[in-house]
Trainee: 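Below: one structure in structure tokens.
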Amino acid sequence: MQIERVEACHLADIAEIEKLCFAFPWSENALALLTKEGAVGFAAICDGRVAAYGGMLCVLDEGQITNVATHPELRRRGYAKEVMRALIDYAKGNGINTITLEVRASNARAISMYEDLGFYRVGERKNFYKKPIEAAVLMQKDI
């Protein structure tokens, strides 16, 4: 497994992961944002394909994680955690002081991973997610 910065060649694989993981997946065109200025994405590459990816919007000294997902067949192997570490390292090297994210309140595995990486809970957004309707836990990491 290797971690690569998201480029156009990764977008089809990432769009497929989005469709498999989210009720409202980002399109390949929308995901292209991760290759533009003001955003960054990293992908875990395994056997020549994207196993997991994560993206972050960057505004001044703040980062906002957009999505983090792992192909369902490749979960529980640490790929998402390595992608998150790459995003955190990027933040450290690019003047980002705070990273925030939202995660489904029921996603205990993801919350645990984020806490292991130094994120802490700062609030909740009621009815943030649809299909099913669920609250989001707001989390933050200070760099």
Side-chain angles (χ1 to χ4, degrees), residues 1-59 62-125 127-143:
M1 187 262 307
Q2 62 189 37
I3 299 295
E4 296 180 4
R5 183 120 178 219
V6 169
E7 297 181 11
C9 63
H10 301 119
L11 296 178
D13 282 353
I14 293 171
E16 183 61 29
I17 292 170
E18 281 276 317
K19 290 176 192 170
L20 294 169
C21 295
F22 298 114
F24 299 99
W26 286 30
S27 69
E28 191 170 333
N29 285 340
L31 289 162
L33 170 71
L34 300 179
T35 67
K36 310 288 186 208
E37 187 175 337
V40 64
F42 288 95
I45 308 298
C46 186
D47 296 327
R49 68 178 190 158
V50 176
Y53 86 96
M56 181 169 63
L57 301 178
C58 308
V59 178
E62 297 179 10
Q64 168 65 40
I65 302 295
T66 56
N67 281 341
V68 177
T70 301
H71 192 288
E73 295 174 0
L74 301 171
R75 289 184 178 153
R76 313 245 337 133
R77 299 181 190 183
Y79 298 142
K81 196 168 200 173
E82 291 305 313
V83 166
M84 285 298 299
R85 284 187 176 124
L87 290 166
I88 292 165
D89 288 347
Y90 177 89
K92 288 176 180 176
N94 287 278
I96 294 172
N97 297 322
T98 305
I99 302 173
T100 58
L101 59 83
E102 292 101 358
V103 58
R104 279 188 181 272
S106 65
N107 195 342
R109 285 185 181 153
I111 291 169
S112 177
M113 176 187 71
Y114 297 137
E115 289 173 340
D116 286 349
L117 291 166
F119 284 81
Y120 56 92
R121 297 169 193 238
V122 293
E124 180 179 288
R125 293 189 199 276
N127 302 318
F128 183 78
Y129 292 102
K130 309 297 181 223
K131 292 188 178 182
I133 295 173
E134 186 174 355
V137 174
L138 300 174
M139 300 186 81
Q140 178 174 314
K141 178 176 177 62
D142 302 318
I143 305 297

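Every value quoted in this text rests on a predicted model; they were computed, and no experiment measured them.
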Trainee: Can you name the nearest heavy-atom pair linking Asn67 to Glu18, along with the distance?
Mentor: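 Between these two residues, the closest heavy atoms are ND2-OE2, 2.9 Å.
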Trainee: Measure across Ile143 and Thr98 and return the closest heavy-atom pair with its distance rounded to 0.1 Å.
Mentor: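 Result for this residue pair: CG1-N, 4.3 Å.
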Trainee: Decide yes or no on side-chain contact (heavy atoms from CB on, under 4.5 Å) for Val40 and Asn94, but give the supporting numbers first.
Mentor: CA-CA 11 Å; Val40 64; Asn94 287 278; over 6 Å; no
Trainee: Of all the heavy-atom pairs spanning Ala80 and Val68, show the shortest one and how long it is.
Mentor: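 Nearest pair, atom of Ala80 first, then Val68: CB-CG1, 4.0 Å.
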Trainee: Mind checking side-chain contact (heavy atoms from CB on, under 4.5 Å) for Glu102 and listing every partner two or more places apart, or none if nothing turns up?
Mentor: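 Applying side-chain contact (heavy atoms from CB on, under 4.5 Å) to Glu102 gives Gln64, Arg125, Phe128, Tyr129, Ala136, Leu138.
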Trainee: Apply side-chain contact (heavy atoms from CB on, under 4.5 Å) to the pair Ile14 and Val6, showing each step before the final yes or no.
Mentor: CA-CA 9 Å; Ile14 293 171; Val6 169; 3.9 Å; yes
Trainee: Does Lys36 have more than 12 heavy atoms from other residues, nucleotides or ligands lying within 6.0 Å of its NZ?
Mentor: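 No.
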Trainee: Any chance you could measure Gln140, atom CD, to Ile65, atom CD1, to the nearest 0.5 Å?
Mentor: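 Between atom CD of Gln140 and atom CD1 of Ile65 there are 12.0 Å.
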Trainee: Identify the two heavy atoms, one from Cys21 and one from Arg75, that lie closest to each other, and give their separation to 0.1 Å.
Mentor: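 Smallest heavy-atom distance, with atoms named: SG-NH2, 3.2 Å.
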Trainee: Assess the residue pair Leu33 and Leu57 against the criterion (side-chain contact (heavy atoms from CB on, under 4.5 Å)); give the C-alpha distance rounded to whole Å, side-chain angles, the decisive distance to 0.1 Å, and a yes or no.
Mentor: CA-CA 9 Å; Leu33 170 71; Leu57 301 178; 3.4 Å; yes
Trainee: Could you go through the side-chain contact (heavy atoms from CB on, under 4.5 Å) check for Glu16 and Asp13 one step at a time?
Mentor: CA-CA 5 Å; Glu16 183 61 29; Asp13 282 353; 5.7 Å; no
Trainee: If we only count heavy atoms from C-beta on, is the Arg77 to Thr70 side-chain gap below 4.5 Å?
Mentor: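 Not touching, per the 4.5 Å side-chain cut-off.
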Trainee: Do Phe119 and Ile111 come within less than 4.5 Å of each other through their side chains, counting heavy atoms only?
Mentor: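 The answer is no; the side chains never approach within 4.5 Å.
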Trainee: Is it the case that the side chain of Glu28 and the backbone of Ala15 share a donor-acceptor pair, with hydrogens and angles ignored and the cut-off at 3.5 Å?
Mentor: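 Side chain of Glu28 to backbone of Ala15: no pair is present.
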Trainee: So, taking the atom named CE in Met84 and the one named CG in Leu87, what distance separates them when rounded to the nearest 0.5 Å?
Mentor: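 Output value for this atom pair is 6.0 Å.
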Trainee: To the nearest 0.5 Å, what is the distance between CD (Glu82) and CZ (Phe42)?
Mentor: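 One gets 12.5 Å once the value is rounded to the nearest 0.5 Å.
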Trainee: Between Tyr53 and His10, is there a side-chain heavy-atom distance shorter than 4.5 Å?
Mentor: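 A side-chain contact under 4.5 Å is absent here.
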Trainee: Is any side-chain heavy atom of Thr100 less than 4.5 Å from a side-chain heavy atom of Val122?
Mentor: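 Not in contact.
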Trainee: Give the minimum heavy-atom separation between Gly55 and Leu34, together with the two atoms involved.
Mentor: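 Reported closest heavy-atom pair: CA-CD2, 3.7 Å.
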Trainee: Could you tell me if the side chain of Ile3 sits less than 4.5 Å from the side chain of Arg85, heavy atoms only?
Mentor: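 Side chain of Arg85 against side chain of Ile3, heavy atoms only: no contact under 4.5 Å found.
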Trainee: Determine whether more than 12 heavy atoms belonging to other residues, nucleotides or ligands lie under 6.0 Å from atom CG of Asp47.
Mentor: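 No, CG of Asp47 has 12 or fewer neighbouring heavy atoms, counting only those of other groups under 6.0 Å.
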Trainee: Strictly distance-based, threshold 3.5 Å: is any side-chain N or O of Thr35 a donor or acceptor partner for the main-chain N or O of Ala8?
Mentor: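 Not a single qualifying donor-acceptor pair exists.
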Trainee: Using side-chain heavy atoms (C-beta onward) and a distance below 4.5 Å, is Val137 in contact with Tyr114?
Mentor: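 When only atoms from C-beta onward are counted, Tyr114 and Val137 do not touch, as no gap falls below 4.5 Å.
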Trainee: Looking at every non-hydrogen atom in both residues, tell me the closest pair between Ala44 and Val83 and how far apart they are.
Mentor: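 Minimum heavy-atom contact is N-CG2, 3.7 Å.
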Trainee: Only counting residues at least two apart or in another chain, list the ones meeting side-chain hydrogen bond (donor to acceptor under 3.5 Å, both in side chains) with Arg104.
Mentor: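 Partners of Arg104 by the side-chain hydrogen bond (donor to acceptor under 3.5 Å, both in side chains) criterion, ordered by chain and then number, come out as Glu134.
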Trainee: Got Val50 and Ile45 here, is their nearest side-chain heavy-atom distance under 4.5 Å?
Mentor: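 Of all side-chain heavy-atom pairs linking Ile45 with Val50, at least one is under 4.5 Å.
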Trainee: Does a sphere of radius 6.0 Å around CZ in Arg5 hold more than 12 heavy atoms from other residues, nucleotides or ligands, not counting ones at 6.0 Å or beyond?
Mentor: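 Correct, the count exceeds 12.
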Trainee: Are the side chains of Met139 and Leu117 in touch, meaning some heavy atoms are under 4.5 Å apart?
Mentor: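 No - every pair of side-chain heavy atoms lies 4.5 Å or more apart.
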